[in-house]
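In the text below, chain A, chain B and the rest are named by the order of the sequence lines, each starting its count at 1.
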Amino acid sequence: MNWLRTSSFVSISTVLAFTAVIWYAAAVYLNSAVLIDKYERHKVEWDFSKLVDDSWSMDRPIMPAPHQIIFDLNKSIFKQKISSKRSLIYHGWVTISSTMVGFAMGGILGILLAVGIVHVPTLNKSVLPWIIASQTIPILAIAPMIIVGLGAIGVTGLLPKAIISAYLCFFPIAIGMVKGLRSPDPIHLDLMKTYNASKSQNFWKLRWPASTPFLFASFKVSIAISLVGAIVGELPAGARAGLGARLLTGSYYGQTIQIWSALIVASVLAATLVFLMTLLEKGVQKRMGVRL
Amino acid sequence: MKNYIILNWIFCIGFLVQLIFSRVWMSHGSSTILFAFQPLLASFLVIYRPTVIKAMSGKILISLLILSGCIASLNSVHSAETGALSWGIWLYVVTLVGLLWQLMGFWSQIENLLNKNVAVAINLMVPVLFGGMLLYLWEMLTVGFDVPQVLLPPPTMIGMAFVNSLEMLWADFQQTFLKAVLAGFILGCGSGFIVAVMVDKIPFLQRGLLPLGNLASALPIVGVAPIMVMWFGFDWQSKAAVVMIMTFFPMLVNTLTGLKSTGQIELDLMHSYAADYWQMLIKVRLPNSLPFIFNALKINSTLALIGAIVAEFFGTPIVGMGFRISTEIGRMNVDVVWATIAVAALSGSFFYALLAFLERQFTGWHPSFRVG
């Protein structure tokens with residue numbers, strides 16, 4: 001029976017099952033106050049089992065039970081046409097597309113900046129401290145301003161959200177790439193020198209390949225925050241589509257189940273994106289001859 | 001090799017061209033002309049007396065001369081009527097930025113020759129110069145090209161808004177930072193730490209929680225904000241709850257990794273001293289995990305501020321930084337919004353700097369702080 005205690009699958013599912021039990025209990029506990037109040041106003045007879053039943057099937061619960069969320073997910077993903085405004089696939093797609101555009105923009109910007117910092121000493125001294133300092137600034141606070149500001153000059157839709165995502169994800173990429181491009185040992189740089197390698201050969205044949213592990217580590221971090229940026233970008237100025245808009249309308253109309261299912265979809269998206277990035281990393285490493 | 005000589009020649013020629021063909025921008029008072037001529041002097045100095053940049057006093061002199069050029073062009077751009085600016089000023093500004101760039105190069109080359117304190121000062125000075133250059137360009141371009149204020153107000157306007165609404169900004173700061181962020185930060189980091197120490201004792205839970213914790217730090221946790229607002233009401237408690245959830249997982253994962261990072265040799269040594277679990281934890285394993293814990297604290301300091309501000313987008317009493325941003329943007333008072341963002345940026349940076357300072361104090365023994 002030793003494998004039972006050492007398998008991480010068993011551990012993870014135990015923790016998950018435990019979470020589900022707590023969740024159901026919390027749903028009863030949190031919803032009971034409203035329900036008991038309602039029973040007493042309508043003078044309905046109630047006992048504990050009725051309370052439990054009702055608290056797991058409320059229309060607008062304070063805390064929805066997991067199966068309610070799953071039903072709602074099923075309803076809004078599989079039972080709707082993809083183009084419908086009620087389909088979470090449609091909203092997820094809106095968010096994902098600005099996430100990807102923002103990630104591409106931020107990635108290119110971050111890499112270019114890192115290349116500049118590594119090769120130009122003045123840039124290194126002057127810009128790098130600002131990049132590090134800007135990580136301490138709550139960038140998301142600027143989100144509404146970018147949306148409204150760009151909206152005022154007629155740029156709306158995908159681009160402003162993508163800019164927020166790009167802004168969020170270029171920092172980790174720039175920092176990671178600077179580290180990565182500087183990671184080759186002096187011994188390797190010396191070897192390149194004995195080959196009389198030019199600056200560009202040095203870059204493409206040594207620095208760039210050496211930086212790929214760092215690049216992918218930063219990619220994984222930044223694609224996750226790129227999604228956060230896209231979601232937060234949908235909050236202000238009343239975006240009509242996207243997971244952030246679902247969160248906002250859910251919170252306006254007290255539709256807790258809708259909030260939770262948007263949240264679940266966002267989490268699944270984030271996990272999928274990071275997972276895809278890991279797959280890509282493994283593929284690239286394999287092609288580069290890394291033994292896994 | 002002598003790139004900077006070429007740069008200075010470009011400035012001299014650009015200066016002459018704008019002086020002969022477009023004198024208009026300098027005519028805003030005689031002091032403008034006087035100040036605008038100073039960088040030309042600096043250029044001649046660099047071209048004909050290249051040794052001047054080797055000496056400290058020479059560098060300071062050149063910096064001051066170039067600075068006066070910035071002042072002249074700022075003065076001119078502010079006193080001109082809109083649309084009355086000539087193209088000459090932009091030629092001047094472009095070449096002046098070239099000089100500024102070269103100046104940063106001069107300052108960043110010398111640090112090895114000097115003693116440590118001066119080197120630190122110069123390492124600070126180059127980024128400050130760069131930031132100053134950005135602010136200068138920001139002011140010049142927004143005022144000169146009459147950029148709509150909704151898009152980007154000039155820094156001076158933001159400064160004015162900051163000074164004029166100090167009281168309001170202080171109230172927002174109290175609500176968002178002193179109440180929501182600090183309470184949530186302490187609760188989240190504290191509970192993350194305690195759970196990590198408890199989980200560490202049970203390997204079974206550890207294997208279950210670590211992958212989930214890692215996953216959770218990739219999830220868009222900010223999304224729980226509307227739920228928390230619904231549960232805990234509009235006041236700062238709901239924001240503190242969001243901050244707490246956001247900061248919990250990074251702390252949990254980092255502390256767990258830190259507790260595992262102690263080497264077997266150290267543990268064996270403690271074992272040979274007959275140390276019990278608590279002695280081992282407090283004397284060896286916790287000190288060893290401090291670098292990881294501080295890493296989590298630093299990550300969390302940024303997350304906490306973001307969480308509190310975003311949570312305020314979902315409903316607040318009529319005070320708070322997130323509330324200020326979302327309402328003032330609706331009333332198109334962009335300068336107040338930028339002032340609020342400046343407050344957020346400053347408080348975030350100070351929070352981070354404080355944690356970095358504490359890290360330095362507590363983990364000074366760690367190899368990553370070794371110099372040379």
For the interface with chain B, which of A:Ser267, A:Ala270, A:Ala224 has the highest count of heavy-atom pairs at distances below 4.5 Å? A:Ser267
For chain B, the option from A:Ala266, A:Ser126, A:Pro121 that forms the most heavy-atom pairs under 4.5 Å: A:Ser126
In terms of heavy-atom pairs under 4.5 Å with chain A, which of B:Leu212, B:Ile221, B:Val224 leads? B:Leu212
I'd like to know if A:Arg246 pairs up with A:Glu234 as an ion pair, taking the criterion as any Lys NZ or Arg NE/NH1/NH2 lying under 4.0 Å from an Asp or Glu carboxylate oxygen. no
Which atoms of B:Leu129 are under 4.5 Å from chain A, going by heavy atoms: the side chain, the backbone, both sets, or neither? neither
Do you know which of A:Ile69, A:Ile264, A:Leu247 makes side chain to side chain contact (heavy atoms under 4.5 Å, CB included) with A:Ile259? A:Leu247
Any side-chain donor paired with an acceptor under 3.5 Å for B:Thr340 and B:Glu328? no
In terms of heavy-atom pairs under 4.5 Å, which option from A:Leu227, A:Leu123, A:Leu243 contacts chain B the most? A:Leu123
Report yes or no: do B:Ser326 and B:Glu312 form a side-chain donor-acceptor pair below 3.5 Å? no
Can B:Val334 and B:Trp338 be said to form a side chain to side chain contact (heavy atoms under 4.5 Å, CB included), step by step? CA-CA 6 Å; B:Val334 188; B:Trp338 276 97; 3.4 Å; yes
Mutual orientation of the aromatic rings belonging to B:Trp231 and A:Trp260 [parallel < 30°, tilted 30-60°, perpendicular > 60°]: tilted
Checking B:Met332 against chain A: side chain, backbone, both or neither under 4.5 Å from a heavy atom? side chain
Side chain, backbone, both or neither: which part of B:Met230 has a heavy atom under 4.5 Å from chain A? side chain
